[in-house]
Amino acid sequence: QVQLVESGGGLVQPGGSLRLSCAASGFTLNYRAIGWFRQAPGKEREGVSCSSDVGNTYYVDSVKGRFTISRDNAKKTVYLQMNNLKPEDTAVYYCATRSSPSSCGTFWYQTGGYGYWGQGTQVTVSS
């Protein structure tokens with residue numbers, strides 16, 4: 001069965017870095033789009049980034065230039081490198097996938113487009 005497990009969250013000071021990992025099992029990562037989402041307290045879950053099956057990448061404007069999504073299909077893992085973290089990046093981060101399409105698409109940031117979710121990992125940016 002499809003399973004996604006996030007890890008790598010933690011407490012970091014503003015300006016610091018973290019790398020999140022999303023370990024995938026139960027499907028072939030090569031053929032799937034993977035999205036990273038986050039949800040801050042009292043806010044809706046929002047799309048952060050997406051990696052398509054062929055490696056195209058997309059980012060929400062607020063993280064462009066700071067976050068980088070990448071994948072290692074052999075290790076069945078997708079990463080989210082987060083640099084220059086800000087307090088407003090504090091949230092639970094989730095990875096997600098879907099059966100199709102394998103591209104991210106124009107609306108990659110919409111949560112309704114994904115049917116499989118991990119349990120999330122907490123990221124707290126605070127001094």
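Model, not experiment: these values are computed from the prediction.
Between the side chain of S49 and the backbone N or O of Y58, at least one donor-acceptor pair lies under 3.5 Å. For Q13 (side chain) and V125 (main-chain N/O), no donor-acceptor pair under 3.5 Å exists by modelled atom type. In this structure, the side chain of N73 does not engage the main chain of K76 through any donor-acceptor pair within 3.5 Å. At distances below 3.5 Å, at least one donor-acceptor pair connects side-chain atoms of T77 with backbone N or O atoms of K75.
With Y114 as the aromatic partner, R98 meets the cation-pi criteria of under 6.0 angstrom to the ring centre and within 45 degrees of the ring axis. Judged by the 6.0 Å distance and 45° axis criteria, R38 is not positioned over the aromatic ring of Y94. Both cation-pi conditions hold for R19 and Y79: the charged atom is under 6.0 angstrom from the six-membered ring centre and inside a 45 degree cone around its axis.
When all heavy atoms of A33 and P101 are compared, the closest pair comes out as CB-O, 4.2 Å. Between F37 and Y109, the shortest heavy-atom distance links the atoms CE2-O, 3.3 Å. Taking each heavy atom of A40 and T90 in turn, the nearest pair found is CB-O, 3.6 Å. Between L4 and A24, the closest heavy-atom pair is CD2-CB, 3.9 Å. Listed here is the closest heavy atom pair of G9 and V123: CA-CG2, 4.1 Å. Contact detail for Y93 and V48: the closest heavy-atom pair is CE2-CG2, 4.4 Å.
L85 is listed as a side-chain neighbour of F67, based on a closest heavy-atom distance under 4.5 Å. Residues L80 and T68 are not in side-chain contact: their nearest non-hydrogen atoms beyond the backbone lie 4.5 Å or more apart. At least one side-chain heavy atom of R71 sits less than 4.5 Å from a side-chain heavy atom of S51. A 4.5 Å side-chain heavy-atom check between S102 and S52 finds every atom pair outside the cut-off. Side-chain contact between D53 and R32: absent, with no pair of heavy atoms (C-beta onward) separated by less than 4.5 Å.
Summarising the geometry, atom CD belonging to E6 is positioned 5.5 Å from atom SG belonging to C22; distances are rounded to the nearest 0.5 Å. The OG1 atom of T57 sits 10.0 Å away from atom CH2 of W108, with the distance rounded to the nearest 0.5 Å. Atom CD of Q1 sits about 6.0 Å away from atom CD of Q3, to the nearest 0.5 Å. Of the inter-residue distances, the one linking L11 atom CG with S126 atom OG reads 6.5 Å to the nearest 0.5 angstrom. For the atom pair C95 SG and W36 CH2, the distance stands at 4.5 Å (nearest 0.5 Å).
Between K86 and D89, none of the side-chain N atoms (NZ, or NE/NH1/NH2) sits under 4.0 Å from a carboxylate O, so this pair counts as no salt bridge.
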For this session: Determine, stepwise, if the pair L29 / I34 fulfils side chain to side chain contact (heavy atoms under 4.5 Å, CB included).
Result: CA-CA 8 Å; L29 182 60; I34 300 291; 3.6 Å; yes

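By the neighbour-count criterion of 12 heavy atoms within 6.0 Å, atom CD of E88 is densely surrounded, having more than that number from other residues, nucleotides or ligands.
Side-chain atoms of S17 and N83 form a donor-acceptor pair, as typed in the model, at a separation below 3.5 Å.
Following chains of ILVMFWY side-chain contacts shorter than 4.5 Å, one cannot reach Y116 starting from V5, and the two form parts of different hydrophobic clusters.
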